[in-house]
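The structure under discussion appears below in the form of structure tokens.
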Protein chains: 2
Amino acid sequence: MPRTADHDQRRRQIADAVCALISDHGLDAVTVARTAAAAGMSVGLVQHYFRTKDDMLLHAFTTVSARIRDRAEGHIRQGTEHRRPIARVMAEVMAEFLPLDEERRAEYRVALAFAGRALDAPALAEVDAETARRLRRDVARAVHNGKECGEVDPDLDPWPAAVRLTAVTEGLAMQVYRDGAGGAEGGGAGGEAAAAHCASVIEAELASVFTGECRQYADAPS
Amino acid sequence: MPRTADHDQRRRQIADAVCALISDHGLDAVTVARTAAAAGMSVGLVQHYFRTKDDMLLHAFTTVSARIRDRAEGHIRQGTEHRRPIARVMAEVMAEFLPLDEERRAEYRVALAFAGRALDAPALAEVDAETARRLRRDVARAVHNGKECGEVDPDLDPWPAAVRLTAVTEGLAMQVYRDGAGGAEGGGAGGEAAAAHCASVIEAELASVFTGECRQYADAPS
DNA sequence: TTGATAACCGTATCAGCGTACGGTAAAAAC
DNA sequence: GTTTTTACCGTACGCTGATACGGTTATCAA
């Protein structure tokens, strides 16, 4: 066998370049040539790993979606392992989706750009829908689990609750992004005020679902 | 003075063509040539009314944003004139934003496409932010008015409430769009089930803000 | 009637895009 | 070393897009 290279590593490298370009200059600025330059390779090599530009974009979107998903699921898994109150874990997961620092803002820009293009690109739309479905499913599961330990009213239907919680999260993310873009930001004080503000909204929303105390498990020590 | 033409009518005609193209084939499919064809005129005439393509898109976005805004504000105005319970009026306004029928779906596609492009087009972003601000302001006002007639707890801060209500609306719109796109839809039964489902979520959300009965005004006769 | 001005058209121009393709270098197998 | 397969490069090609521009027609003022 001839000369070898780490296929996945290369593809990730390209996907990262795509994301950086989108975040910095928008999806329209993503060309194969620019992507290659940003990834520090030639146009031909990009073609070697992705037959078409659409393949490249799809892989980039799949990658970021997976990253976001994993972060959320990891949060949940760790929370349940440590037997922490579900409402607390959910608060963290929801906050994870808000573009409050520059890193999440970048990620949000990428996600939104792809969401826009997904309107007439079924493959992208499917990825988008799938991640949304999984998130909603996870939240619904969390609410359901909340019943068993007494945080949630046993008569509450988990599905509408999950829909509500994911909806406020997404909607809040949009508002945070729009407001943060225009003016305040810059220093950090404005951002933190916004964070506190959001936290209170999320808290209010969670309080309408997680109405009881966690009676079965004690909070983790640290 | 020479040959005259209705300037605003022409510009609206072009904006409509842009929106139709976006809704049918996405923002990337919008070219000056195609827009001209869709509007039934020549490329040169489009240029006569818009110096650049960006001007054209900006005007189109401004137009649709204004339309959406006016519809919402009209709803509110009419509701307050008829002395209807504020919670009912808000429910209608929020439902107005959900892409439940094909008309709103088309509008939603246009709005989302522009939102995506707004990420690196400050002029578009400003329009987007402005409409969001105004909507939130109107909702906050409605909540505030709710205090005077007894529908809202006097101690409730209208601003976080408005943020919550607009956030769920936006988030719900996204979910409705994504789910409706993939499978069910088609007939209308699925869509109506989704509508009922959404209504219950909105109702739950409104119930957590409008906790009292409207004691000052009677409901309108018809 | 006759300019003058604005509405309107069609096309040329030029840049930037995605992709095809021929070529080179390197590493594994023998 | 030779061969073979793959990683990788640079460029040429075809196409499409936005914009520039010169020309034509219709209307109003004089």
Side-chain angles (χ1 to χ4, degrees), chain A residues 1-22 24-61 113-114 116-117 119-124, chain B residues 1-22 24-61 113-114 116-118 120-124:
Chain A
M1 269 298 187
R3 191 177 180 179
T4 106
D6 187 338
H7 223 72
D8 290 340
Q9 130 78 11
R10 280 304 204 199
R11 287 167 65 101
R12 230 174 313 145
Q13 184 180 352
I14 296 171
D16 287 346
V18 168
C19 291
L21 277 177
I22 293 178
D24 288 349
H25 305 102
L27 189 50
D28 291 325
V30 177
T31 71
V32 181
R34 261 197 282 268
T35 303
M41 60 180 73
S42 73
V43 180
L45 193 54
V46 174
Q47 289 182 291
H48 185 69
Y49 287 103
F50 296 102
R51 274 184 57 268
T52 69
K53 186 191 179 184
D54 284 340
D55 284 353
M56 182 180 84
L57 292 178
L58 177 59
H59 182 257
F61 189 35
F114 275 121
R117 197 175 193 95
L119 290 171
D120 46 312
L124 295 180
Chain B
M1 269 297 189
R3 194 176 180 179
T4 100
D6 188 338
H7 223 73
D8 290 340
Q9 130 78 9
R10 279 304 203 200
R11 287 166 66 101
R12 230 174 312 147
Q13 182 180 354
I14 295 172
D16 287 346
V18 168
C19 291
L21 277 176
I22 293 179
D24 289 349
H25 305 103
L27 190 49
D28 291 325
V30 177
T31 72
V32 180
R34 261 197 281 270
T35 303
M41 59 180 75
S42 73
V43 180
L45 193 54
V46 174
Q47 288 181 295
H48 185 69
Y49 287 103
F50 297 103
R51 275 183 56 265
T52 70
K53 186 191 180 184
D54 284 340
D55 284 353
M56 182 181 83
L57 292 178
L58 177 59
H59 181 257
F61 190 34
F114 274 122
R117 197 176 191 96
D120 47 311
L124 295 181

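Residue numbers begin at 1 in each chain, while the letters A, B, ... track the order of the sequences.
The minimum heavy-atom distance between A:Ala36 and A:Val43, with the atom names listed, is CB-N, 3.8 Å.
Heavy atoms of A:Tyr49 sit under 4.0 angstrom from primed sugar atoms or phosphate atoms, though from no base atom.
In this structure, B:Arg34 does not reach the D:dT16 phosphate: none of its side-chain N or O atoms is under 4.0 Å from OP1 or OP2. In this model, the phosphate group of C:dC8 is approached by a side-chain N or O of B:Arg10 to a distance below 4.0 Å at OP1 or OP2.
Comparing A:Ala33 and B:His48 by the nucleotide of DNA chain C whose heavy atom lies nearest to each, the residue mapping closer to the 5' end is B:His48.
Taking every side-chain heavy atom of B:Ala5 into account, C:dC8 is the closest of C:dC8, C:dT19, D:dA7. For B:Val32, the side-chain atoms get nearest to D:dT19 when compared with the rest of C:dA27, D:dC28, D:dT19. Ranking D:dC8, C:dC17, C:dC9 by closeness to the B:Leu45 side chain, first place goes to C:dC9.
Residue B:Gln47 places no side-chain atom within donor-acceptor reach of the base of D:dA18, judged by atom type and a 3.5 Å distance cut-off alone.
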Wobble G-U and Watson-Crick pairs count when both distances are under 3.5 Å; given that, what is the 5' to 3' dot-bracket string of DNA chain C, with | for pairing to other strands? ||||||||||||||||||||||||||||||
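Note on ring orientation: taking the six-membered ring where Trp is involved, the planes of A:His59 and A:Phe50 are tilted (angle from 30° to 60°).
Looking only at atom types and distance, the side chain of B:Gln9 has no donor-acceptor partner in the side chain of B:Arg12 under 3.5 Å away.
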